[in-house]
Amino acid sequence: MIRVVYRWKVDKENREAFREVWEGVTTRIRRETEGARGSVFLESCQDAEEVITIAHWDKYEQWQAFIDNAPAEQMRKMHELANLVSKQAFRQTGDHTI
């Protein structure tokens, strides 16, 4: 299992629209893409423009195949509303949350 952390800069006036687009895109990816398990949306408590989305995938290779082949149209609106600062995949090797 992997988690992919995306860091975004989103103008305050675009925050709600960005979240709505993210929800739709995430739902579609989860429904249509093997290995996609959804995502969480986090808003920074210290920086009003920072958003982090963390996607959950079964395997790194599935996420990479999605990145390599994802239709640009699917992600276009998110990139119109925000600037992607970084993305990085991590293997989940532990979870001690409740």
Side-chain angles (χ1 to χ4, degrees):
M1 167 183 331
I2 68 161
R3 303 288 180 154
V4 183
V5 178
Y6 297 86
R7 295 180 69 105
W8 302 88
K9 283 292 184 182
V10 186
D11 290 337
K12 188 176 179 180
E13 62 270 11
N14 291 337
R15 176 74 57 86
E16 187 59 28
F18 179 77
R19 191 191 57 75
E20 289 174 10
V21 170
W22 165 84
E23 271 186 20
V25 168
T26 297
T27 299
R28 184 174 178 183
I29 293 167
R30 186 181 62 212
R31 184 177 56 239
E32 298 175 357
T33 309
E34 184 178 355
R37 299 291 172 222
S39 183
V40 297
F41 189 98
L42 306 172
E43 296 178 351
S44 172
C45 294
Q46 288 88 22
D47 182 347
E49 293 185 345
E50 185 173 14
V51 169
I52 293 178
T53 58
I54 304 174
H56 179 178
W57 288 81
D58 288 338
K59 298 177 182 176
Y60 177 81
E61 295 79 15
Q62 291 167 320
W63 171 72
Q64 192 61 60
F66 170 76
I67 292 299
D68 292 344
N69 300 302
E73 184 63 25
Q74 202 170 33
M75 307 300 277
R76 180 186 56 79
K77 187 65 175 172
M78 287 178 67
H79 289 277
E80 288 176 357
L81 292 167
N83 294 315
L84 179 62
V85 175
S86 66
K87 67 180 174 197
Q88 187 172 5
F90 296 87
R91 279 184 302 284
Q92 183 171 331
T93 57
D95 183 350
H96 216 62
T97 60
I98 56 170

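Below, all heavy atoms of this structure are taken into account, side chains as well, without hydrogens, waters or symmetry copies. We count residues from 1, following the sequence as given. Being a predicted model, the structure only gives us computed values, none of them experimental.
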Q) Where is the tightest heavy-atom contact between Asp58 and Gln62, given as atom of each residue plus distance? A) CB-OE1, 3.1 Å
Q.
How about CZ on Arg31, more than 12 heavy atoms from neighbouring residues, nucleotides or ligands closer than 6.0 Å, or not?
A. yes
Q: Taking all heavy atoms of Lys87 and all of Tyr6, pick out the closest pair and write down the distance.
A: CB-CD2, 3.6 Å
Q. Are Trp63 and Phe66 near enough that their ring centres are under 6.0 Å apart?
A. no
Q | Point-to-point distance, once rounded to the nearest 0.5 Å, from CE of Met1 to CH2 of Trp57 | A | 14.0 Å
(Q) Can you tell me how far apart CD (Glu43) and NZ (Lys12) are? Round to the nearest 0.5 Å. (A) 10.5 Å
Q: Find out whether Val10 and Leu81 are in side-chain contact, i.e. whether some heavy atom of one side chain is under 4.5 Å from a heavy atom of the other.
A: no
Q. Near Glu32 CD, under 6.0 Å, is it more than 12 heavy atoms from other residues, nucleotides or ligands?
A. yes
Q. Which atoms form the tightest heavy-atom contact between Leu84 and Arg7, and what is the distance?
A. CD1-O, 3.5 Å
Q: Enter the distance from Ile2:CD1 to Gln92:CD here, rounded to the nearest 0.5 Å.
A: 10.5 Å
Q | Centroid-centroid under 6.0 Å between His79 and Trp8 rings | A | yes
Q.
Hydrophobic clusters here meaning ILVMFWY residues chained together by side-chain heavy-atom distances under 4.5 Å, can you tell me if Val5 and Val40 are in one?
A. yes
Q: Check whether any side-chain heavy atom of Gln64 lies under 4.5 Å from a side-chain heavy atom of Ile67, and answer yes or no.
A: yes
Q. Taking all atoms of both residues into account, what is the closest heavy-atom pair of Thr53 and Ser39, and its distance?
A. CB-OG, 4.0 Å
(Q) Can you tell me if Lys9 has over 12 outside heavy atoms packed within less than 6.0 Å of its NZ? (A) yes
(Q) Any side-chain to backbone donor/acceptor pair from Asp47 onto Glu49? Under 3.5 Å, distance only. (A) yes
Q | Distance, nearest 0.5 Å, that separates CZ of Phe41 from CD1 of Ile54 | A | 11.5 Å
Q) If Ile, Leu, Val, Met, Phe, Trp and Tyr residues are connected whenever their side-chain heavy atoms lie under 4.5 Å apart, and connections chain through other members, are Val4 and Met75 in the same group? A) yes
Q: Please step through side chain to side chain contact (heavy atoms under 4.5 Å, CB included) for the pair Met78 and Trp22, ending with a clear verdict.
A: CA-CA 7 Å; Met78 287 178 67; Trp22 165 84; 4.0 Å; yes
